[in-house]
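Okay, structure first, notes after.
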Amino acid sequence: MKKHLILLFLLTLSFGMTAQKTQEQAAPTSSNKHAIGLGAGSGFALDYSYKINNRFSISSRFNMLAYSVEELEEEVDGQNVLIDATVDFKNIDIVFSYYPFNTAFRLIGGVGYFTDNSLNINLSFDEKVTIGEVDFTSDQVGEITIDNKWQQISPYAGIAFGRAVPNSKFGFAVELGTYFSGAPEVSLDATGIIENTKNQESLLEDSFSELKYRPYLSLRLSYSI
Amino acid sequence: MKIINKLICTLLFMGITSCDIDKITSLKDDFRITVTPDAVDNKKEIQINNATNSNPVTSDIKMSISGDAASNIYTSDGSSSFKFDQGKIVIGLKKGMEPSPENPIHASVKVEAEGYLSKTKILTFDGSGSESININLLKIDDLPKTIQIVEETGALSDDETTTDIEVSITSSDETEELAKIVLEAGSSFEDNNGEPVEGSNLVMNIETYELQTQIVDEQTGYSATEEIEEITIPASRDDEEATLDPFSVISVDTTLDGTPVNISENTPAKVNVFVPDDGQEYQVFFVEKGSNTAIPIPSLVGNVANRSVGSNAFTQLQFEAFLNGLYFIAIKIYQSAFCSEDLTTLTFSNNMAADVYRITLKEDGNIKSSSNVTLFNGEETTIQFHPKNDRIYSLTVINKGKDVLNQEIICGMVYPTFELGVTETASYVIPMGITCPSVSIALDETPIYYKSIGENTFYPYGKAVAGELNSSPKLDPNTDYQFQFFYEITRTTEAILGSEIEELIDSYDLDEICVEIEAEI
């Protein structure tokens with residue numbers, strides 16, 4: 001269902017884009033060559049863009065997504081667990097924008113270099129566990145740590161509505177894209193009396209192998225300099 | 001061109017969204033948290049056997065544990081009540097405690113069984129995984145002549161003995177007086193805190209072990225050296241080149257109205273122990289039961305010895321001691337030169353299937369150390385000793401009655417690891433875990449035993465680690481086998497044909513097993 005909605009959204013955008021193109025064709029071209037931008041969406045972004053010509057521009061940008069949740073109560077396999085999760089992505093991208101319709105719509109391609117690219121999940125028990133007469137406090141029960149790490153260099157492709165270097169002083173853009181990061185390297189560690197949960201590593205590897213594409217969404221405000 | 005552009009855009013985003021989200025969202029439902037059924041790590045599987053015939057001791061066995069770690073020792077299923085089944089129990093340190101070879105944890109276990117001499121043994125937890133320990137108990141009715149028990153009783157009045165109580169033990173060949181202990185009239189008694197103890201009926205129990213004692217048994221191969229823990233030599237300026245050499249083992253237990261007591265410091269017992277007249281100089285040490293530290297007698301008593309003036313030779317050593325109901329071992333200092341400054345280390349490995357090996361080291365034909373060692377695949381064990389110049393050492397290793405190794409040990413030689421493995425391994429891995437709807441369980445550090453239907457004795461089959469059993473012995477496909485492991489009780493399977501082991505798990509009704517497991521949990 002989610003896939004269908006996204007597809008519908010994209011098709012709608014595509015038709016909308018055609019309509020927009022007719023209006024913008026009449027817009028005068030600008031002599032602005034440089035711009036800086038601030039973005040927010042799937043993280044925060046800071047960029048610099050240079051307009052090569054009316055069809056192409058090049059951008060260098062720094063993206064950061066650092067987010068964590070702590071002690072999220074969940075039930076996993078019948079056990080009440082507390083989940084701590086940390087996402088830490090920091091990357092520097094070099095991307096080219098191509099304006100196929102001579103409008104603000106652009107196709108973007110490039111490469112990202114990730115200095116940090118991990119997703120860590122930590123599960124601990126909410127309650128004590130008793131085996132015979134022996135009580136194990138939630139600390140003594142142990143914890144499950146799942147680390148996902150993606151490759152450092154990832155190709156990027158996306159589309160945006162809004163110019164990299166705006167025609168006027170300020171510009172606004174929406175960008176949607178993805179890094180082709182490959183399947184993450186998954187490691188699972190478990191300690192204490194749940195140590196044998198390590199046997200779930202292959203399940204995790206299989207599930208997380210689907211996370212080959214890292215989505216990118218940005219609402220960008222730019223300023224031409 | 002417009003159409004192509006639109007197509008590119010659409011395809012691009014189809015690609016973006018093409019991942020199988022279901023796999024991620026169902027992960028929470030599919031993920032299984034495996035809780036171990038074991039409350040302990042560093043397991044010790046203790047098997048109590050009759051020293052004379054290697055049969056498990058089936059009478060009511062009592063085990064008490066002392067030492068700093070005692071309160072953290074439980075059975076696998078988390079019980080502090082130590083119940084033996086067919087002479088077997090598995091104990092260990094509460095999970096989370098992390099001893100290491102550098103920081104081991106020691107505990108002293110005392111094993112008592114009706115009709116047998118009690119025995120105290122030190123357990124060392126050093127983080128090196130589970131260990132199988134055989135403890136051989138001597139049946140009182142069937143003692144070798146070289147192990148003697150003498151019991152004397154006495155009456156107390158006003159908490160003091162009214163007459164002299166004397167216990168004398170002569171060697172089995174009646175050539176030596178092994179020990180004579182005299183409690184003079186007026187002796188009084190204390191508890192472990194040094195507080196006076198009241199009572200009226202005194203029982204003094206003396207056990208002596210002559211060290212040449214051996215019981216020739218294929219499985220146990222009992223020797224009295226088992227009664228002595230490895231002893232740490234106290235640092236001494238004068239004894240840099242000396243080693244402690246036990247020559248007499250005496251156990252003294254004193255009870256007052258059934259309660260263990262110590263002899264008061266004010267009325268020490270007079271003790272005579274026999275010392276061979278061989279021109280060597282001797283010193284005597286106490287070794288408390290359940291301890292591996294020798295305490296020099298002079299630090300315990302005022303009047304140490306009656307050594308002849310100007311001579312190192314004497315035949316009897318007399319001293320006064322506050323016998324504290326614990327082991328007493330007399331030890332001589334051997335002053336011959338050693339062949340090497342360094343300890344000789346003999347390492348034994350098993351890279352084949354699990355087996356039990358009887359490893360015996362003899363010095364001039366007398367047993368210096370002898371023990372049954374269970375080595376699972378990939379495990380090692382070592383013997384360390386300080387060989388002397390003028391002695392001949394021989395090493396033998398026996399497996400199921402057959403010599404695996406027969407080697408003369410030459411002073412100063414460095415020996416490579418002796419590989420003892422003899423039993424071929426099977427190529428398959430046997431799963432030792434199960435996932436049920438409400439719980440996943442995996443056996444860990446759990447020894448599995450087996451025997452063919454025609455045999456009486458179970459042999460080690462392998463050790464289940466993290467829910468898997470590797471390197472098990474290759475079985476005869478046409479023979480029926482039984483398998484056994486211990487969890488709360490000894491659990492033994494029905495007979496299974498050797499050829500069916502590999503498919504064993506698949507053939508079980510897992511639903512039925514899960515119902516049973518869930519009912520137990």
Side-chain angles (χ1 to χ4, degrees), chain A residues 2-3 6-7 9-11 13-15 17-18 21 74-79 81 100-101 105 107 123 125 129-137 139-142 144 146 157-159 176-178 180 190-200 203-204 206-213 215, chain B residues 1-2 4-41 72 74-81 94-97 431 433 435 437-444 465-468 488 521:
Chain A
K2 279 181 187 170
K3 282 186 205 172
I6 291 168
L7 195 56
F9 171 69
L10 291 171
L11 290 171
L13 282 178
S14 300
F15 289 120
M17 182 180 70
T18 314
K21 179 193 160 199
E74 281 287 339
E75 188 179 298
V76 177
D77 192 18
Q79 311 279 355
V81 297
F101 309 121
F105 172 74
L107 297 173
L123 283 79
F125 271 50
V129 172
T130 302
I131 301 175
E133 299 166 25
V134 188
D135 287 337
F136 292 92
T137 61
D139 286 344
Q140 290 170 328
V141 167
I144 298 164
I146 302 163
I159 57 169
L176 188 61
T178 185
F180 300 91
T191 59
I193 65 171
I194 52 174
E195 188 179 10
N196 290 332
T197 305
K198 284 175 189 170
N199 62 12
Q200 299 290 288
L203 171 74
L204 287 177
D206 186 42
S207 299
F208 284 111
S209 67
E210 294 301 324
L211 297 177
K212 289 180 260 194
Y213 312 103
Chain B
M1 187 64 189
K2 286 176 189 174
I4 291 171
N5 283 334
K6 283 180 186 176
L7 196 60
I8 290 169
C9 295
T10 307
L11 288 174
L12 174 67
F13 279 88
M14 281 178 74
I16 291 170
T17 56
S18 66
C19 69
D20 186 352
I21 292 167
D22 291 345
K23 270 194 179 179
I24 308 291
T25 53
S26 65
L27 180 59
K28 205 180 90 173
D29 300 325
D30 297 338
F31 193 79
R32 290 280 171 264
I33 295 176
T34 306
V35 180
T36 176
D38 291 320
V40 297
D41 271 335
N72 284 309
Y74 297 90
T75 60
S76 274
D77 54 311
S79 172
S80 60
S81 166
K94 180 182 173 182
K95 271 184 185 287
M97 296 187 71
T435 299
S438 68
V439 67
S440 295
I441 284 180
L443 289 184
D444 193 27
V465 177
E468 284 186 348
E488 294 178 336
I521 291 174

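So that the names make sense, note that chain A is the first sequence line, chain B the second, and so on, each numbered from 1.
- With a 4.5 Å cut-off on side-chain heavy atoms, B:Lys95 and A:Gln140 do not count as touching.
- Checked against side-chain hydrogen bond (donor to acceptor under 3.5 Å, both in side chains), B:Asn72 has no partners two or more places apart in sequence or in another chain.
- Per-residue counts of heavy-atom pairs under 4.5 Å with chain B were compared for A:Glu133, A:Lys198, A:Glu195; the largest is that of A:Glu133.
- Heavy atoms closer than 4.5 Å to chain B are found in the side chain of A:Val81, but not in its backbone.
- Using a 4.5 Å cut-off between heavy atoms, A:Glu74 contacts chain B through its side chain alone, with no backbone atom that close.
- Nearest heavy atom pair, residue B:Ile33 against residue A:Val76, reads CD1-O, 3.8 Å.
- The two residues B:Ala39 and A:Val134 come nearest to each other via the heavy atoms CB-CG2, 4.0 Å.
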| task | Applying side chain to side chain contact (heavy atoms under 4.5 Å, CB included), run through B:Asp38 and A:Ile131 and close with a yes or a no. | result | CA-CA 7 Å; B:Asp38 291 320; A:Ile131 301 175; over 6 Å; no
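- Once rounded to the nearest 0.5 Å, the distance linking CG of A:Leu204 with CG of B:Asp30 reads 10.5 Å.
- Residues that satisfy the side-chain hydrogen bond (donor to acceptor under 3.5 Å, both in side chains) test with A:Thr197, not counting sequence neighbours, are absent from this structure.
- Contacts of B:Phe31 with chain A are made by both backbone and side-chain atoms, with heavy-atom separations under 4.5 Å.
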